[in-house]
Each structure stands twice: as C-alpha cells, then as structure tokens.
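Below you'll find the structure, written out as structure tokens, and then a few comments.
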2 protein chains.
Amino acid sequence: MATADPDRPGFVLPLLLLAGFRTLIDDLHRELARQGHPDLRPMHGFVFQAVGVGGTTATDLGQRLGISKQAAGKTVDRLVALGYLERVDDPSDARRKLVRLTPRGHDGLRRSAVVFDQLRAGWAARLGADRVAALEDDLRAVTPADLFRLDVPGWFGG
Amino acid sequence: MATADPDRPGFVLPLLLLAGFRTLIDDLHRELARQGHPDLRPMHGFVFQAVGVGGTTATDLGQRLGISKQAAGKTVDRLVALGYLERVDDPSDARRKLVRLTPRGHDGLRRSAVVFDQLRAGWAARLGADRVAALEDDLRAVTPADLFRLDVPGWFGG
DNA sequence: ACTGTTTCGACAACCACGTTGACGATCGTA
DNA sequence: TACGATCGTCAACGTGGTTGTCGAAACAGT
C-alpha cells in the first residue's frame with residue numbers, strides 16, 4: 001500500500017504524461033507559427049480532426065470532443081473569426097448548420113498532421129520505434145477507448 | 001516523411017498522452033470526492049505539492065508552476081476560500097506573505113499521494129511494473145526536465 | 001542618510017474554455 | 001394538427017490563465 005519506490009512516487013506519472021503532451025503541443029504550435037499559422041492554439045488541431053473533411057454540426061462536434069454543444073459552438077465561433085471554419089446552412093434541415101473547414105482550415109489540418117508525424121518520428125529516433133509503439137499500446141490499454149471518441153468517423157479523415 | 005504507419009498517425013500520440021493524464025486525474029478526483037474532498041479540482045494537487053510542507057510565497061509558487069505570480073495568487077485565493085491554504089505575514093519581510101497548507105490541506109495532499117500511488121500500482125498490475133517504469137523513463141527522455149520544475153525543492157516534500 | 005532600483009502582493013481588464021439553464025425555431029411523428 | 005425531441009444560440013457564471021499598473025517594503029550605492 002505504501003509507495004512502491006520512493007524515487008517514483010505516483011504523482012510523477014501524471015506529471016510526465018502532461019509534460020509529454022505539452023511538449024508535443026508546444027513544439028507543434030511553434031512550428032505551425034513558423035509556417036504561417038501563428039494564431040492556432042492548443043486543441044484547435046483536435047477540433048480540425050473532429051470536424052474532418054466532411055464537416056459536422058456544433059452538437060455533433062461537442063459529442064465527439066466530450067464537451068457541451070455550447071462550448072463546441074463557442075470554439076467554432078473563434079475558429080470562424082480566425083478564418084479556419086465556416087458555417088453553412090443544411091439544406092435538408094433548417095435547424096442545423098454545417099461546420100466545415102475553409103481552405104485555410106484544410107491547410108492547418110494538413111500541416112498539423114505532418115508536424116505531428118515529424119514529432120513522433122523524432123521520439124522514435126530518440127527512443128526507438130518499438131518503444132514509442134509500446135508506449136502507445138500501453139496507454140491504449142489503460143485509458144478508456146472512447147475518452148476522445150477516437151472511434152467516431154471523422155477522426156483520421158475517415 | 002510520410003506517416004510511418006497508417007494506423008498510427010502522429011496525432012494519436014498526444015491524444016493518448018492526454019487521455020492517460022485525464023484518466024489519472026479523473027480517477028484521483030473521483031476518489032478524493034469519496035474521501036471528503038469533493039471541491040478539489042484538477043491541478044490543486046500539483047499546487048499542494050508545489051506549496052509543500054514548508055510553505056512558499058505566491059511569486060515563488062508561480063515560478064515553480066511556470067505561471068505568472070498573479071495567476072498563482074488567484075489560485076491561492078480559491079484554495080484559501082476552500083480552507084486548504086492560509087496566508088501568514090512573513091516576520092522578516094513585510095512585503096511577503098507565506099502561503100501554507102492548513103490541516104485540511106495537509107490531509108488533501110496526503111490523500112492525493114496515496115491515491116496516485118494506488119493508481120500507478122493499478123497500471124503496474126495491468127501492464128507490468130517494468131512497462132510502467134519504461135514508460136516513465138521514455139517520457140523523461142523526451143521532455144525537458146524543468147518543464148514543471150521537478151527539481152525545485154518543495155516538490156516531493158523535499 | 002538619502003536616493004534609486006528591485007521585489008512582493010494586489011488590483012483591473014481581458015481572454016480562452018468550460019459549465020447550466022432557458023428559449024425560439026424546426027423536424028418527425030402519433 | 002398537435003406534441004415532443006432536437007438544433008443553435010443567448011445569458012450568466014466559474015476557472016485558470018494573461019498583461020499592465022501600482023503602492024509598499026527591501027536593498028544597494030553614493
């Protein structure tokens with residue numbers, strides 16, 4: 001019941017996970033800023049992924065991201081103001097408004113994917129590809145699969 | 001330069017890191033709420049660690065957490081209002097106000113450490129202790145050591 | 001001893017991101 | 001046609017951050 005190892009108290013694990021996430025996100029946005037997207041913020045990339053090439057609605061976006069439809073709507077507002085998303089009326093349902101990537105949004109999404117791949121490759125170069133894959137497998141094993149609705153069509157451009 | 005493996009695009013790595021972090025934090029606070037601390041929020045545990053048993057000041061707290069002194073001050077305000085921290089005048093410097101854990105704060109800190117250890121033990125039971133240790137080693141290797149000032153005295157009760 | 005610089009905590013204004021609750025408009029159906 | 005569910009939006013609020021300013025206190029140099 002006591003700490004298994006005094007040099008590895010339990011709370012360094014969440015700290016390291018957060019540090020790993022923040023490192024990737026900070027590197028991503030440093031690079032995106034260099035590539036003409038200085039106003040993109042952490043999590044906007046995830047929104048782009050969730051919107052996907054086919055577009056979505058605010059309510060659906062909220063469900064995919066695990067947040068309320070109001071919060072999703074406000075995030076869409078900001079990205080519309082920045083020129084990354086646009087709202088168009090759904091011809092088949094006057095209540096709905098489709099949220100779609102603008103050309104600038106597509107550019108940001110594509111660049112995000114490339115940079116993330118490069119960052120992962122950097123980790124693989126430092127740790128070994130097998131260690132990175134093992135890290136992902138282990139994390140998959142201890143996290144709920146639907147925490148970020150990874151299985152929802154729309155992620156991965158599916 | 002292309003994705004090494006179509007089933008592992010680069011952006012699942014940050015997603016998994018975030019999911020791992022959120023899983024631990026959510027589990028922690030679910031358990032802390034059961035143990036009489038329902039108003040503790042994500043990151044309060046980190047603040048407790050940063051304050052430490054010896055206490056600190058708002059400015060120093062901000063430096064340890066990597067945020068502005070004003071943000072640290074506001075967080076202290078909230079935790080004072082909740083009864084977890086207290087401010088006392090520094091007799092040797094009238095400008096400074098020492099921030100210290102109250103008995104309730106000490107209780108929260110102790111319980112957080114215990115629960116985090118239990119959660120880490122749960123991961124070790126599922127993945128194997130060696131995999132968890134490898135995961136931590138790998139993350140240490142790819143994250144800047146000072147991202148959360150892990151070396152600052154005060155963390156780890158040091 | 002006085003003066004100028006630095007540091008500390010606080011205040012104000014602001015922004016990003018999230019929450020609930022309500023509500024009008026629209027859709028689908030009994 | 002009337003009713004219930006759904007969509008987007010508005011309002012109010014909470015939390016966790018930011019920058020800028022400022023008075024009070026400490027410190028260093030002349």
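Basis for what follows: all heavy atoms, side chains included, without hydrogens, waters or symmetry-related copies. Labels below follow one simple rule: chain letters A, B, ... track the order of the sequence lines, proteins then strands, and each chain is numbered from 1.
- One N or O donor and one acceptor, one from the side chain of B:Q70 and one from the base of D:dG20, sit under 3.5 Å apart.
- Side-chain nitrogen and oxygen atoms of B:R78 include at least one within less than 4.0 Å of the OP1 or OP2 phosphate oxygen of D:dG16.
- OP1 or OP2 of D:dT18 has at least one side-chain nitrogen or oxygen of B:S68 nearer than 4.0 Å.
- Look at CD1 on B:I67: it is 13 Å from P on C:dG9, rounded to the nearest Å.
- Within the 4.0 Å cut-off from OP1 or OP2 of D:dT6, not a single side-chain nitrogen or oxygen of A:T59 is found.
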Given side-chain hydrogen bond (donor to acceptor under 3.5 Å, both in side chains), test A:Y84 with A:D107 step by step and report yes or no. CA-CA 9 Å; A:Y84 288 100; A:D107 186 67; over 6 Å; no

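- The shortest distance between the side-chain N/O atoms of A:H44 and the OP1/OP2 oxygens of C:dA16 is not below 4.0 Å.
- In this structure, B:R95 places its CZ atom 6 Å from P of C:dC8, rounding to the nearest Å.
- Few gaps surround CZ on A:R111; more than 12 heavy atoms of other groups in view lie less than 6.0 Å from it.
- A donor and an acceptor atom never sit less than 3.5 Å apart when one is taken from the side chain of B:K97 and the other from the base of C:dG9.
- Across the protein-nucleic acid pair, B:R96 atom CZ and C:dT7 atom C1' stand 10 Å apart, rounded to whole Å.
- Straight-line distance from the CG atom of B:D89 to the P atom of C:dA10: 10 Å, rounded to whole Å.
- Atom P of nucleotide D:dG8 and atom CG of A:L85 are separated by 14 Å, given to the nearest angstrom.
- For the pair A:K97 and A:E86, the salt-bridge criterion is not met [side-chain N within less than 4.0 Å of a carboxylate O].
- Looking at heavy-atom distances under 4.0 Å, A:A58 makes contact with sugar-phosphate atoms alone, never a base.
- Both B:M43 and B:L101 sit in one connected hydrophobic cluster of ILVMFWY residues. Membership requires side-chain heavy atoms under 4.5 Å apart, directly or through other members.
- For C:dA10, one of the phosphate oxygens OP1 or OP2 lies less than 4.0 angstrom from a side-chain nitrogen or oxygen of B:R87.
- Between the base of D:dG16 and the side chain of B:K74 there is no donor-acceptor pair shorter than 3.5 Å.
- Nearest-nucleotide mapping onto DNA chain C: of A:D93 and B:K69, the residue sitting toward the 5' end is B:K69.
- Between A:T75 and A:A94, the one whose closest nucleotide on DNA chain C sits nearer the 5' end is A:T75.
- Within 6.0 Å of CZ on B:R87 lie more than 12 heavy atoms contributed by other residues, nucleotides or ligands.
- For the pair A:R41 CZ and C:dG18 P, the interatomic distance rounds to 12 Å; values are reported in whole Å.
- Distance, B:L61 CG to C:dA10 C1': 16 Å, rounded to whole Å.
- Taking atom CG on A:D77 and atom P on C:dC15, their separation rounds to 15 Å, with Å as the unit.
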